[in-house]
Amino acid sequence: QVQLVESGGGSVQPGGSRRLSCAASGYGVVSSAGCLGWFRQAPGKEREGVAAHCHPGAYAFYADSVKGRFTISRDFARRTLSLQMNNLKLEDTAMYYCAAGGSHGGDASLLPQEYNSWGQGTQVTVSS
């Protein structure tokens with residue numbers, strides 16, 4: 001069974017940075033082919049895809065709202081998925097979730113319904 005545990009959330013001022021990590025357990029969840037993703041959900045809004053990392057090929061996909069500011073990475077040896085978030089904005093405030101089980105790259109990699117395993121989430125609050 002896949003287990004995903006996020007960490008790294010907290011409060012940050014606009015323009016600041018934060019790095020989220022997702023520790024994954026379960027056979028092949030990080031090392032095998034497929035996509036892992038970061039999603040977020042703000043109060044009163046639907047869950048949205050932020051970034052995805054698909055293997056083989058180490059392809060990364062990003063939502064337009066975070067392109068150039070966020071970077072997703074995957075450490076196969078340590079079974080972790082990370083999200084480096086720079087130049088954070090007020091609208092980045094949300095609960096951030098790690099997800100596993102995606103099997104399609106491109107735009108599909110940012111769709112929540114493509115994933116079947118989820119972490120509990122970590123809160124990121126951007127405020128001045």
Could you go through R40 and S65, starting from their C-alpha distance and side-chain angles, then the distance that decides it, and tell me whether this counts as side chain to side chain contact (heavy atoms under 4.5 Å, CB included)? CA-CA 12 Å; R40 67 186 181 187; S65 59; 3.5 Å; yes
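- Y97 and I72 fall into different hydrophobic clusters, defined by Ile, Leu, Val, Met, Phe, Trp and Tyr side-chain heavy atoms under 4.5 Å apart, directly or through other members.
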query = Please walk me through it: do S109 and Y59 pass side chain to side chain contact (heavy atoms under 4.5 Å, CB included)?
reply = CA-CA 10 Å; S109 68; Y59 293 103; over 6 Å; no
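- Remark: E6 pairs with no residue by the side-chain hydrogen bond (donor to acceptor under 3.5 Å, both in side chains) rule, at least two apart or across chains.
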Would you mind writing out the side-chain donor-acceptor pairs for residues 8-17 within the sub-3.5 Å range, not counting sequence neighbours?
from : atom 1 : to  : atom 2 : distance (Å)
S17  : OG     : N86 : OD1    : 2.9

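- What you find for G102 and Y115 is that their closest heavy atoms are N-CD2, 3.4 Å.
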Stepwise side chain to side chain contact (heavy atoms under 4.5 Å, CB included) check, D92 with V124 | CA-CA 8 Å; D92 293 319; V124 174; 5.6 Å; no
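- For the atom pair OG of S73 and CG of L36, the computed distance is 11.0 Å after rounding to the nearest 0.5 Å.
- Both M85 and V50 belong to a common hydrophobic cluster when Ile, Leu, Val, Met, Phe, Trp and Tyr are linked at side-chain heavy-atom distances under 4.5 angstrom.
- Rounded to the nearest 0.5 angstrom, C98 SG and L83 CG are separated by 10.0 Å.
- Between R74 atom CZ and C35 atom SG the span is 7.5 Å, to the nearest 0.5 Å.
- Residue Q113 qualifies as enclosed at atom CD: its count of foreign heavy atoms under 6.0 Å is above 12.
- Ring centers of F61 and H53: at least 6.0 Å apart, outside the cut-off.
- Summarising the geometry, atom OH belonging to Y96 is positioned 9.0 Å from atom CD belonging to Q123; distances are rounded to the nearest 0.5 Å.
- Within 6.0 Å of CG in N116 there are more than 12 heavy atoms belonging to other residues, nucleotides or ligands.
- Linking ILVMFWY side-chain heavy atoms closer than 4.5 Å, directly or via other members, places Y62 and L110 in two distinct hydrophobic clusters.
- Aromatic ring centroids of W118 and F39 lie under 6.0 Å apart.
- A108 and E114 make their closest contact through O-CG, 3.1 Å (heavy atoms, listed as atom of the first residue, atom of the second, distance).
- Open room surrounds CD on Q120; 12 or fewer heavy atoms of other groups in view lie less than 6.0 Å from it.
- In this view, K45 satisfies the salt bridge (charged side-chain N to carboxylate O under 4.0 Å, His left out) rule with no residue, not counting sequence neighbours.
- For the residue pair T93 and V126, the shortest heavy atom distance occurs at OG1-N, 2.8 Å.
- Residue L4 comes nearest to A100 through the heavy atom pair CD1-N, 3.7 Å, listed as atom of the first residue, atom of the second, then distance.
- Shown here for C54 and H104, the closest heavy-atom pair between the two residues is SG-O, 4.3 Å.
- To the nearest 0.5 Å, atom CG of residue D75 and atom OG of residue S82 are 7.5 Å apart.
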- Would R18 and Q84 satisfy side chain to side chain contact (heavy atoms under 4.5 Å, CB included), going step by step from the backbone distance to the final call? CA-CA 6 Å; R18 203 80 190 178; Q84 177 66 40; over 6 Å; no
